[in-house]
Trainee: 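Following this message is one structure expressed as structure tokens.
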Amino acid sequence: MAAAELPVKELSQIALPGLARALVSAGKLPAKIAEDIYQKSLSGRTSFIAELTGTGAVSAADLAHTLSTAFGAPLLDLDAIDHQRLPKDLLDPKLCLAYRIVVLSKRNNRLIVATADPSDQQAAEKIKFASQMGVDWVIAEYDKLSRMIEAAAASAAETINSIVGSEFEFDDVSADTSGDVSEQAVAEVEDAPVVRFLHKMLLDAVSMRASDIHFEPYEHHYRVRFRVDGELREIASPPTVIKDKLASRIKVISRLDISEKRVPQDGRMKLKIGPDRVIDFRVSTLPTLFGEKIVVRILDPSSARMGIDALGYDAIEKERLLHAIGRPYGMVLVTGPTGSGKTVSLYTCLNLLNQPGVNIATAEDPSEINLPGVNQVNVNERAGLTFATALRAFLRQDPDIIMVGEIRDLETADISIKAAQTGHLVLSTLHTNDAPTTLTRMRNMGIAPFNIASSVILITAQRLARRLCTVCRVPIDIPREALLEAGFKESDLDGTWKPYRPVGCSACSSGYKGRVGIYQVMPITEAIQEIILRDGSALDIAQQSEAEGVRSLRQSGLEKVRQGLTSLEEVVACTNE
């Protein structure tokens, strides 16, 4: 039997997409791995090619060469193309974003389109329908294609006038809250300019990997800012007359009371991007002096399914965490400031534990990531549904694993600890600076040392540092004294590595792209339990954990500097000791 016949035979029993079949037939991917990756993409509602390249099963370059041969399509290096000169009016940008394609040119009545997946018949049919033209595929590497799509997307600031124009010559929405305003107000906020502007803001935020969108009204101007990689950037300054109608539009689609402008409100909305990706948005309104400030939190469910390796844990840290969440009972705590990625870490653990034979319940304020198979409860203190109330109800629901969004008070902590002591695995968060101080914080909340020592099995402290762009980062010479002062040891400065600094290019912003986690993973050993029982200080616990090989946040961050993942100034800023 020929070597190529076996995969084809295996494929006949597996409903794999055309891309996977081509790779298996070419001998680039075993059928079993292809099936596993495809199943993972289905459960995570992500594309097969994103999962394939993300797991490293096939490199983007190898994938492009294989598909070029298999489908007889030309291969193009997108690094040689200036995205500024690409045609912008041949196809709807939303369609390009949804199907991860770039229109290169038009020839007669056919579009020349760059893609990483020439087997995607749905994309081809959509392009034909939208453009009324035929499609000729050109193969491009998936990572380069993604960068070009982001770079080619017109910035909101540059196109704001074409979206808004003079159509915003209208009167402000009345502040009168009396009478039946729902039908009239809903009709008013359906103005095309408002709808187009909001839709573009949401799409731009998703394409820029923003975590939050801020709509901020002031006396004489209005601005929109995105939080990208932890930093706020001003994106647009639309006319001030937009503020009330935009606020009403957001309230309508978030199912909030559009007549109420005197008190804060919270809501949610969804945006469908492409056939298999839905982004959730959490909306918060706040009355200010000159109108309602609205902050929209972008909640991408795929972030919980990207796997523990993508979070940035080192091998020993990952092993400690997996060992802890694999235990049948006990408490695992994740600690850090707001915006340090605690929720994503918890949901990554829950995703690993989410099996058909496991009953998982979560209580959050509010629930940010929807995870099928997990029973999620939103805390509503006005209605009497507190963390403690939800926990008591969970314990009557035959749970195996309980996740508490945050331990805020003694009552919640006490019930969580009792649940951990009675055969349940409990995951939760606290707001402390590092792992050792978490234990003393619990002691200060009024929890007995014996209960802490007998229930807590591991604490993870974490920060998020901006990740250096691999395209433009360059080595930098930093004085030896400065490196030692930052926390490096003499043995670390052996000349086998160099720190990098950010530069900035078309593929990133200011030299950084994305973020990487910095972790302090501290198991609660018998020696640390003895320190807790004798009511020792956080300093005693820190010294003992260091003796057991647990790195501090600063030491973990410096290791990321050695690996070239982030810069020294970024680590110093986010692990200020």
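Along the sequence shown, residues carry numbers from 1.
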Trainee: Would you call L483 and L558 a side-chain contact if the rule is heavy atoms closer than 4.5 Å?
Mentor: no
Trainee: Check whether any side-chain heavy atom of L371 sits under 4.5 Å from a side-chain heavy atom of T362, and report yes or no.
Mentor: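 Answer no - side chains too far apart.
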Trainee: Does the side chain of V334 reach to within under 4.5 Å of the side chain of Q462, using non-hydrogen atoms?
Mentor: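 Yes - at least one pair of side-chain heavy atoms lies under 4.5 Å apart.
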Trainee: Salt-bridge test for D266 and R282: reply yes if a basic N is under 4.0 Å from a carboxylate O, no otherwise.
Mentor: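 Between R282 and D266 there is no salt bridge, as every charged N stays at least 4.0 Å from the carboxylate O atoms.
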Trainee: Hey, does the side chain of S146 reach the backbone of Y142 with a donor-acceptor pair shorter than 3.5 angstrom?
Mentor: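 Such a contact is found between S146 side chain and Y142 backbone.
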Trainee: Tell me whether E570 is salt-bridged to R501, with the criterion being a basic N under 4.0 Å from an acidic carboxylate O.
Mentor: no
Trainee: Answer yes when R297 and D280 have at least one side-chain N-carboxylate O distance shorter than 4.0 Å, and no when they do not.
Mentor: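 Looking at D280 together with R297, the answer is no, because their closest N to O distance does not fall below 4.0 Å.
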Trainee: Is there a donor-acceptor contact under 3.5 Å linking the side chains of Q376 and S367?
Mentor: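 Present: a donor and an acceptor within the cut-off.
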Trainee: Using the ring of Y500 (Phe, Tyr or Trp, six-membered ring only), decide whether R473 places NZ or CZ under 6.0 Å from its centre and within 45 degrees of its axis.
Mentor: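 Here R473 passes the 6.0 Å and 45° test against Y500.
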Trainee: Taking W497 for the side chain and V561 for the main chain, is one N or O donor matched with an acceptor at less than 3.5 Å?
Mentor: no
Trainee: Are L468 and L565 packed together at the side-chain level, in the sense that at least one heavy-atom pair is separated by less than 4.5 angstrom?
Mentor: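 Of all side-chain heavy-atom pairs linking L565 with L468, none is under 4.5 Å.
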Trainee: List the atom of G405, the atom of S428, and the distance in Å for their closest heavy-atom pair.
Mentor: C-OG, 4.4 Å
Trainee: One thing to verify: whether K498 and D477 come together as a salt bridge, which I'm taking to mean a side-chain N less than 4.0 angstrom from a carboxylate O.
Mentor: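 Between K498 and D477 there is a salt bridge, with a charged N closer than 4.0 Å to a carboxylate O.
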Trainee: For residues L333 and M442, determine if any side-chain heavy atom of one lies less than 4.5 Å from a side-chain heavy atom of the other.
Mentor: yes
Trainee: Scan P502, C469, C472 and name whichever one has a side chain to side chain contact (heavy atoms under 4.5 Å, CB included) with Y512.
Mentor: P502
Trainee: Is there a donor in the side chain of T389 and an acceptor in the side chain of T386, or the other way round, less than 3.5 Å apart?
Mentor: yes
Trainee: Any ion pair linking D314 and K560 (charged N to carboxylate O, less than 4.0 Å)?
Mentor: yes
Trainee: Is a donor from one side chain sitting under 3.5 angstrom from an acceptor on the other, for T525 and E548?
Mentor: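 T525 vs E548: donor-acceptor pair found between side chains.
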Trainee: Are a donor atom and an acceptor atom from the side chains of N359 and N375 found within less than 3.5 Å of each other?
Mentor: yes
Trainee: Taking only residues two or more places apart in sequence or in another chain, which ones pass ring-ring contact (aromatic ring centres under 6.0 Å, His included) with Y313?
Mentor: Y519
Trainee: Between E231 and R515, is there a salt bridge with N-O shorter than 4.0 Å?
Mentor: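 No salt bridge links R515 with E231.
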Trainee: Pair S284, I294 - check side-chain contact (heavy atoms from CB on, under 4.5 Å), show working.
Mentor: CA-CA 6 Å; S284 173; I294 300 176; over 6 Å; no
Trainee: Would you call D229 and K513 a salt bridge, using N to O less than 4.0 angstrom?
Mentor: no
Trainee: Check whether any side-chain heavy atom of Q529 sits under 4.5 Å from a side-chain heavy atom of I452, and report yes or no.
Mentor: no
